[in-house]
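Remember, it's a predicted structure, so these values are computed and weren't measured experimentally.
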Amino acid sequence: MQLCQYPCQNQVRRFTLEAIQIPIVYNSYGDYDPNGLLYVLEQDSQRIQKEALRRFQQTPPQPYEEVQPLVLRVNRGDTVQICFRNRLKRDGRIWKVFSSKIHGDPATPVWKAYSGDRVIFRTMMPADKPRNVSLAIHGHLWREQPDDALSREIPIQGEISIGNRFDMELKDGASCPGDYLYRSGSFGWDLESGMWGIFRVMKQSLRCKCKEVGGKLPFHFGGNKTSLMIQSIKKQKKKEKHRGR
C-alpha cells in the first residue's frame, strides 16, 4: 500500500526524543565504547538504559539489539513535532568543555610534542567551495612571513582557501607542558561542527635533560649527536674536577 493511501492522513505526529549516554557494545567479543551517545524515544529511554547497562556488566560485555540508530516513521503529509530533551552527562563548568580530563580526548587528531621541540603546522585546502577558513593555535605565536625576521607574529592563520598552503613554525617551539586548543576561527559554524582538536605539549624530553646537563644545546632527532654532546660535557666536567684538585 502506498503511503498516500493510508487512513488518517495529515495527522500531527508528536515525538519526544532524548539524547542519552550509555556504554555501546559492538559485538559478542566485548568491544565497546564507554561513552556512547544515542537518540531514543522518551518512553523507551529508561528500559534501554537499564538493559544496556546490565548487558555491559556481563563478562565479556554483550550488545543490546535496541541500541541502534533511531528511526521515526510517519506518513506523507503528516505534520511532525519533535520535543528534544538532553539527558547527557554534563559538567557545569563551561570552561572545561574542551578538557580531556573531563570528557576524554576528542575524535580529532591529538598532536603531541615535548616542551621546546621545534613544531611546524602545515595547512592546505586541496578542494572546496571558494571560501576562506582560519586556524588558531592557543598559547603559541608564529611569523606571518616565515622568511622575514621582521614579520609580525600572529596567533591565527587566515586566508586558508583552495590551493593555498601555509607553514606555521611556532615561536620558541612548543610551549610549557599542557593541552592547547587548535581550532577554526569560526565559532558559530566550524567549531560547533567539530573543527577543533588538542595540541598536547609534554615535559621531560631528551632536549630538556640536555639543558639541565649543559645549558642550551641544539637538539637533533635520532639521538646520535645529542648523546655525543652529553658524553663530551661529562668528560669536560671530569677534567675541571681534576684541575680543581
Side-chain angles (χ1 to χ4, degrees), residues 33 35-37 94-212 214-230:
D33 180 356
N35 300 307
L37 304 177
I94 189 64
W95 63 91
K96 296 288 187 180
V97 67
F98 297 110
S99 173
S100 293
K101 292 182 179 179
I102 302 298
H103 306 288
D105 285 340
T108 49
V110 177
W111 306 116
K112 298 179 180 179
Y114 289 109
S115 182
D117 281 353
R118 183 187 181 191
V119 177
I120 303 175
F121 280 82
R122 306 186 193 277
T123 65
M124 65 178 298
M125 183 184 293
D128 194 10
K129 297 178 180 179
R131 56 184 173 186
N132 292 331
V133 297
S134 56
L135 177 68
I137 304 174
H138 289 210
H140 294 80
L141 298 171
W142 58 90
R143 290 178 183 171
E144 185 177 25
Q145 302 294 330
D147 299 328
D148 183 359
L150 301 178
S151 172
R152 67 172 182 165
E153 296 172 350
I154 57 176
I156 184 171
Q157 177 63 60
E159 300 180 353
I160 302 173
S161 188
I162 300 174
N164 284 352
R165 173 179 171 272
F166 296 95
D167 295 337
M168 301 173 292
E169 182 169 352
L170 304 186
K171 179 184 177 182
D172 299 327
S175 188
C176 299
D179 281 1
Y180 298 87
L181 195 66
Y182 69 86
R183 61 172 177 82
S184 168
S186 174
F187 282 98
W189 296 97
D190 296 346
L191 203 64
E192 295 177 356
S193 300
M195 291 182 67
W196 66 275
I198 297 295
F199 173 41
R200 180 160 296 155
V201 180
M202 302 172 291
K203 58 183 177 180
Q204 293 303 319
S205 69
L206 182 58
R207 179 177 181 181
C208 294
K209 293 180 181 178
C210 290
K211 286 183 178 180
E212 293 174 3
K216 296 182 179 180
L217 295 176
F219 182 73
H220 301 271
F221 290 99
N224 294 332
K225 292 186 177 180
T226 305
S227 59
L228 290 174
M229 287 180 178
I230 294 174

Pairs under 3.5 angstrom only: tabulate donor-acceptor contacts from the side chains of residues 154-161 to other protein residues two or more places apart or in another chain.
| unit_1 | atom_1 | unit_2 | atom_2 | d |
| --- | --- | --- | --- | --- |
| S161 | OG | R131 | O | 3.0 |
| S161 | OG | N132 | OD1 | 3.3 |

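Taking CD1 from I137 and OH from Y182, the interatomic distance works out to 9.5 Å, rounded to the nearest 0.5 Å. Between the CD1 atom in I198 and the NE2 atom in H138 there is a gap of 9.5 Å [rounded to 0.5 Å]. Distance check, rounded to the nearest 0.5 Å: CG of L181 to OG of S99 gives 11.5 Å. To the nearest 0.5 Å, atom CE of residue M195 and atom OG of residue S134 are 8.5 Å apart. Interatomic distance, L170 CG to L141 CG, rounded to the nearest 0.5 Å: 9.0 Å. Considering CG of D167 and CE of M124, their distance stands at 10.5 Å, rounded to 0.5 Å.
When side chains are defined from C-beta on, H140 counts as touching S175, because their heavy atoms get closer than 4.5 Å.
Screening residues 142-151 for side chain to side chain donor-acceptor pair (under 3.5 Å) gives E144-R152 as the qualifying pairs, with residues at least two apart or on separate chains.
Considering only residues two or more places apart in sequence or on other chains, D179 meets the side-chain hydrogen bond (donor to acceptor under 3.5 Å, both in side chains) condition with R200.
The two atoms that bring S100 and P106 nearest to each other are OG-CD, 4.1 Å, heavy atoms only. When all heavy atoms are compared, the tightest approach of A113 to V119 is CB-CG2, 3.8 Å.
Ring planes of F121 and F199: perpendicular class, angle over 60° (limits at 30 and 60°).
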